[in-house]
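Structure, as structure tokens:
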Amino acid sequence: MASYFARRLLLMIPTFIGVTVIVFGITRLVPGGPVEKELMAIQSALAGGEGGAGTTMVGTELITDKLRKQLEQSFYLDKPFYEAYLLWLGDVVRLDLGESFATKEPVWTRIKERFPISLTFGLTGFILSYLICIPLGIAKALRHAGVFDLATSIVVFVGYSIPGWAIGLLLLVFLAGDKYWDVFPLGGTHSDTFASLPGLAQLIEDPDVVVDANGELVREKMSLAARFLDRTYYMILPIFCYMMGSFATLTILTKNSLLDNLSQDYVRTAFAKGLAPMRVIFLHTLRNSLIPLATGLGHALSVLMAGSLLIEQIFNIPGIGLLGYNALVGFDFTVVMGVLAINTVLLMFGNVFSDMLYALIDPRIRFE
Amino acid sequence: MERDENAAKNPDGAAGDRAPLLSVRDLATYFRVEGGVAKAVDGISFDVMPGEVLGIVGESGSGKSVASLSILRLIPDPPGHIARGEIRYGGRDLLKLSYQEMRSIRGNEIAMIFQEPMTALNPVFTIGFQLIETLRQHHPQMSKQEAFERAVLRLEQVKIPDAAKRMRDHPHQFSGGMRQRVMIAMALCCNPQLLIADEPTTALDVTTQAQIMELMLTLRARREGGSIILITHDLAVVAETCRRVIVMYGGKIQEVGTVDQIFSSPRHPYTIGLLESLPSAQRGKDRLHTIPGNVPYIMDLPTGCKFCTRCEKVIDRCHQEEPELHQLKNGQLVRCHLVEDEAVKVSGDMPSTTTSAPAP
Ligand SMILES: Nc1ncnc2c1ncn2[C@@H]1O[C@H](COP(=O)(O)OP(=O)(O)OP(=O)(O)O)[C@@H](O)[C@H]1O
Ligand SMILES: [Mg+2]
């Protein structure tokens, strides 16, 4: 067992190399690139600034040549592909992800400031969906084919057939902004002004204390409760959209798995022993029913932490998904590779974690 | 009654004047199925005497399992329900008990062993957990330590080597025969008065079958007055272990008698057919005889005698009118028009050791 997981962990190395080498190759192949983009920006700035007066074309070229060298070095663009990749890999092993082309900050810093946001949204969505879907699946199984089961099935499948971002747009149109009901904020992760705080937070905070001279909200002065309320207020709609994707699958999986197990022989044995129905259902049957759910757990967790690009875009949440997307369209390849490296590692650990959980719940599973 | 005097000589027979441990009267269990109501058990009556091993035989689908599950009220509802009847145990009607009262009987006073040892234990819990759980369910005051020791003792009694160590193993670490031993240990752990064994050895190989049967019988013998209802396809097993046999077909009792009566003078054509299909030394030269045709699907059972579609001695009357249960002079009960001349119809008020007629 231990040796199996040791092997799984070792296997992560070639997997990681495989994934990153492909994307690294793509960044080399795409036309244009960070250097061209940067130089273009500088050239137009120079041309605008000088007004064509003193500096000659030769001078500009000299500067751009120097700059190009500098820029190229930062992503090893001056080296052949394999050498550059190995150098990048060496940096990653030393936990150095390089510098962002766009902002010149270390990539680590950019990921680190985004990561807690994606993690909060991902984890909350993940925990909430398990907290809701498992009991809902159980309730549906116990009332199989009843009114409750059918009614929730309709809701679940309607939700399933609409993509999360479309629901997000709908929710924004109807529940945010002032077109219909102005209940939720349009986007972001927290309030900047006192007026945009949720009602309850406005009640417990004194505007004279938490608002500075410029009329801006000073979050440090707010109480923990108010800050929590504020965050929650901004999270409700996006979290709802995050959950929609896995909601139907999780609920129906729980229901079917439980139904399937309820008709097993061991359930009859448990009843024949005189056990209470609660114990039979929630201990004997549920434990078996959760086995298929555990397989998806680690995977779901890592996917959620990686953030959802479209939902982050719609709700203007500065998470990892959005960071990666913006880096990609902006040719900021160091950031692209950094985000990729982190996501790959997360996904791989998530899968191993799933397997461990699987082995933990189901004693018949023994990895050799 | 004379047959009880005979029976008293039988080592595992019951004394005739003792009250039955369990008496089932006119029990009917129906299932709602596509196209109507499946009368899986339709008005059966029988007694189980203290200390008795009672056999129930019949082909697949005759209603044996449904009858035994009904006793513990384990019929899945929906689609099934117990439509009528009475199951008297210890002066009470089990069908009238509250759910809580019924639970205190299950596994404690009446325990059950099922056909499929491979799936009857919960795969995710250790067998120790499953044994101790049963004990503590019915003896809440018992300490964990005490329950553990008792469970180990039971495992030792069913001859599981290294019992204390194996308490920590999961069901998949045991072979089929070993699992059935665990099931027996679990069924017997609270010292039940009545053990219902529903084809306990069908899924096992022949040598294991014999060992398991022997175990069940010896363990029961340790408890005075403990009875067994043994459900089986296997008439040979019945011959070795039971005193009385009930032959079921189509959800009804077709014949009841002592093992001697059933084997030496079977009267119902169905029983005769079952016996003829037994491979036996005496009939070695003949080809193995089988009952013609298959058991009809429960919804397709005929209106008259349930067996008339396959019976070799069928007469016109059989198709129109279902025979009542009749008692022969020797006490044997038969549901067949052909014995009616020499027997008396059994009324609702039955002698305690026999079966009664079904309600209309
Ligand atoms: N859950 C159920 N739903 C519908 N019909 C059922 C159900 N359980 C049993 N039956 C019906 O009841 C009848 C009797 O079944 P039962 O299991 O008692 O037969 P059996 O004599 O035990 O057969 P076997 O020897 O195969 O175990 C069968 O015809 C079956 O179709
Ligand atoms: Mg059966």
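Every chain is numbered from 1 and lettered A, B, ... according to where its sequence line falls, protein lines coming before strand lines. What you see is a predicted model; the values in this text were computed from it and never measured.
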If one checks every heavy atom of A:A270 against chain B at 4.5 Å, the contacting part turns out to be neither
Let me know if A:I291 has heavy atoms under 4.5 Å from chain B in its side chain, its backbone, both or neither.
side chain
Please determine, among B:T119, B:V124, B:L69, the option with the most heavy-atom pairs under 4.5 Å with chain A.
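When all of B:T119, B:V124, B:L69 are compared, B:V124 has the most.
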Identify which of B:E133, B:M102, B:H138 forms the greatest number of heavy-atom pairs closer than 4.5 Å to chain A.
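With the most close heavy-atom pairs to chain A, the winner is B:E133.
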Check each atom of [X] against the heavy atoms of chain A and say whether the ones under 4.5 Å are side chain, backbone, both or neither.
X	value
B:M183	side chain
B:M186	side chain
B:A120	both
B:Q173	neither
B:I113	neither

Over 60° means perpendicular and under 30° means parallel, so tell me whether A:Y130 and A:F126 are parallel, tilted or perpendicular.
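Tilted, since the angle between the ring planes falls between 30° and 60°.
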Over 60° means perpendicular and under 30° means parallel, so tell me whether B:Y30 and B:H81 are parallel, tilted or perpendicular.
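The arrangement is perpendicular - the two ring planes meet at more than 60°.
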For A:Y160, does the OH atom sit with more than 12 other heavy atoms under 6.0 Å from it, leaving out its own atoms?
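Incorrect, the count does not exceed 12.
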Does a side chain donor of either B:Q145 or B:E149 reach within less than 3.5 Å of an acceptor in the other side chain?
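Per modelled atom types, B:Q145 and B:E149 side chains form a pair under 3.5 Å.
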Just checking, any donor-acceptor pair under 3.5 angstrom between side chains of B:S65 and B:D198?
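B:D198 and B:S65 do have a side-chain donor-acceptor pair below 3.5 Å.
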Looking only at A:T269, A:L275, A:D362, A:V267, the option with the highest number of non-hydrogen pairs under 4.5 Å against chain B is A:L275
With B:I110 as reference, evaluate B:I229, B:L195, B:L94 under the side chain to side chain contact (heavy atoms under 4.5 Å, CB included) test and give the passing residue.
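In the set B:I229, B:L195, B:L94, the residue that makes a side chain to side chain contact (heavy atoms under 4.5 Å, CB included) with B:I110 is B:L94.
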Shortest non-hydrogen contact between B:P171 and B:L121, atoms and distance
CG-CB, 3.8 Å
